[in-house]
Number of protein chains: 2
Amino acid sequence: MDVRDQLIHAALQVYSQGGSRGATTRRIAELAAVNEVTLFRHFGSKDALISAALGWLAERALALRLPEQPSNPRAELTAFCRAHHRGIYENRALIRKTMAEFEEHPEGAAVAREITAGIERELQGYLSRLRRAGRAGGRWRIGTATAMLMGTLFADAVGRDCMPERYPASADQAVAEYVELFLRAVGATPASRAISR
Amino acid sequence: MDVRDQLIHAALQVYSQGGSRGATTRRIAELAAVNEVTLFRHFGSKDALISAALGWLAERALALRLPEQPSNPRAELTAFCRAHHRGIYENRALIRKTMAEFEEHPEGAAVAREITAGIERELQGYLSRLRRAGRAGGRWRIGTATAMLMGTLFADAVGRDCMPERYPASADQAVAEYVELFLRAVGATPASRAISR
DNA sequence: TAGGCAAGCAAGTGGTTACTTGCATGCCGC
DNA sequence: GCGGCATGCAAGTAACCACTTGCTTGCCTA
């Protein structure tokens with residue numbers, strides 16, 4: 001790992017702890033085990049470094065996929081949502097910072113939006129396939145349904161360390177229960193499917 | 001409004017914009033139209049002022065209620081959730097800051113938790129009354145269901161200015177659709193109720 | 001082996017921050 | 001009318017910040 005990568009990693013970590021105001025060039029350089037001057041020689045300014053670090057994160061975001069042909073919606077959605085939830089949870093501190101700094105640095109929130117856009121697309125496609133196949137139905141709009149599921153996962157992953165008493169202790173268990181509720185909401189449960197036509 | 005209240009209001013506003021690191025005593029005093037020294041004479045330190053301001057907010061939180069006897073769940077839940085959503089939305093900047101500073105200042109997040117605890121209690125009570133009356137049912141736990149509904153509202157209210165394309169343009173309309181989906185999820189829709197036993 | 005380049009190091013600059021001190025001013029109750 | 005009390009004002013302090021400069025060191029390549 002060369003100096004540039006070390007700085008980017010250190011910047012991400014320090015930024016996660018204190019946001020862009022709390023992330024001092026001294027601490028970043030220290031954590032990267034690099035001279036502070038080297039930081040400026042590479043990136044020019046603190047803001048440029050943080051921006052590069054967030055960009056690096058956006059590039060490396062892994063694209064979760066949902067099967068083209070839904071076969072077992074409960075299992076498939078649960079696995080997908082668990083992975084997404086884990087992704088948010090692992091970066092919860094950083095995500096909170098980017099959202100808090102939305103007014104001052106909209107690019108940060110743009111990164112978050114970019115990363116989750118693929119998740120949303122995947123979910124919407126899957127849902128519409130379910131509905132087209134007659135395996136889900138009712139009077140709901142796809143965008144609203146995905147907003148509900150993704151919002152639930154987001155709030156859980158971002159809030160469960162602030163308010164642990166409010167969420168099921170096991171994240172995996174919680175996600176499974178959310179998916180169960182969600183499937184009923186969109187009429188994709190065997191029983192509810194029967195009545196939705 | 002005396003000097004103390006002016007300072008508290010100004011502190012809340014400046015804190016909403018920049019968090020505790022971005023909130024300088026100079027800007028707070030300026031906005032309160034008060035000398036900066038007066039700020040320190042009243043509160044001793046910046047942190048004490050911010051803490052007092054958040055405490056003031058927690059005290060004045062209005063307690064939303066759901067009817068003791070559910071009669072029209074869709075209408076009642078929609079009204080309740082709209083009010084809650086509006087409350088989050090109006091304070092979204094401040095809420096984002098307190099959550100971002102959770103690691104450094106857990107008291108801030110504690111205030112948010114305290115304020116929403118009443119909402120959760122109300123919702124859980126209402127849901128259990130619905131279920132006891134046989135007007136909702138299925139294999140879900142109350143805590144999970146409320147986490148889902150509140151999480152959806154939270155994510156929408158906090159995220160719709162960062163990612164406007166992801167949410168229905170009208171907040172009231174969005175909440176109505178969330179409630180509709182939620183009622184189906186907990187088996188409180190006429191049709192789905194029939195099959196839940 | 002010579003030259004260039006990346007990095008370290010020490011020191012400094014100008015700006016901002018929270019907080020303090022000392023003193024002047026005006027208002028309100030007695 | 002007078003004493004106390006809340007506030008304003010000017011100035012200062014010590015710390016921290018992003019960022020710069022000038023110089024040295026060591027490694028790789030030609």
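Chain naming here is simple, since letters A, B, ... match the order of the sequence lines and numbering starts at 1 in each.
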Given atom [atom1] of [X] and atom [atom2] of [N], what is their separation to the nearest angstrom?
X	N	atom1	atom2	result
I28(A)	dA18(D)	CD1	C1'	11 Å
D2(B)	dC27(C)	CG	P	18 Å
R4(A)	dA6(C)	CZ	P	13 Å
D47(B)	dA18(C)	CG	C1'	10 Å
Q6(A)	dA6(C)	CD	C1'	13 Å
E30(B)	dG8(D)	CD	C1'	15 Å
K46(A)	dT20(D)	NZ	P	14 Å
R27(A)	dC17(D)	CZ	C1'	14 Å

Hey, are R129(B) and Q69(B) close enough side-chain-wise for a donor-acceptor pair under 3.5 Å?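 Result is no, nothing qualifies.
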Indicate whether any N or O donor in one side chain lies under 3.5 Å from an N or O acceptor in the other, for S51(A) and E107(A).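 No, no side-chain donor-acceptor contact under 3.5 Å.
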In sequence, state the C-alpha distance, the side-chain angles, and the governing distance for L64(A) and E122(A), and then conclude on side chain to side chain contact (heavy atoms under 4.5 Å, CB included). CA-CA 8 Å; L64(A) 298 177; E122(A) 205 66 18; over 6 Å; no
I want to verify a distance call: between [options], whose nearest atom is closest to the [X] side chain?
X	options	result
T24(B)	dA18(D), dG22(D), dT17(C)	dT17(C)
R41(A)	dC9(C), dA18(C), dG22(C)	dC9(C)
S45(B)	dT17(C), dC19(C), dA7(C)	dC19(C)
F40(B)	dA18(D), dC19(C), dG8(C)	dC19(C)
N35(B)	dC17(D), dG8(D), dA18(C)	dG8(D)

For a quick check of understanding: with a heavy-atom distance under 4.0 Å over all strands, which category does [X] fall into, base, sugar-phosphate or nothing?
X	answer
V34(B)	sugar-phosphate
V37(A)	base
A23(B)	sugar-phosphate
A29(A)	nothing

Would you tell me if any nitrogen or oxygen in the side chain of H42(A) comes within less than 4.0 Å of OP1 or OP2 on dA7(C)?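 Checking dA7(C) against H42(A), a side-chain N or O does come within under 4.0 Å of OP1 or OP2.
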dA18(C) OP1/OP2 closer than 4.0 Å to side-chain N/O of T25(B):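 T25(B) to dA18(C) OP1/OP2: side-chain N or O found under 4.0 Å.
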Taking the side chain as every heavy atom from C-beta outward, state whether M99(B) and M99(A) have any pair of such atoms under 4.5 Å apart.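 No. Closest side-chain heavy atoms not under 4.5 Å.
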Report the residue (L39(A) or T38(B)) whose heavy-atom-nearest nucleotide on DNA chain D is the more 5′ of the two.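 Closest to the 5' end, via its nearest nucleotide, is T38(B).
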Thinking salt bridges, do E165(B) and R113(A) make one under a 4.0 Å N-O criterion?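 Salt bridge between E165(B) and R113(A), a charged N being under 4.0 Å from a carboxylate O: yes.
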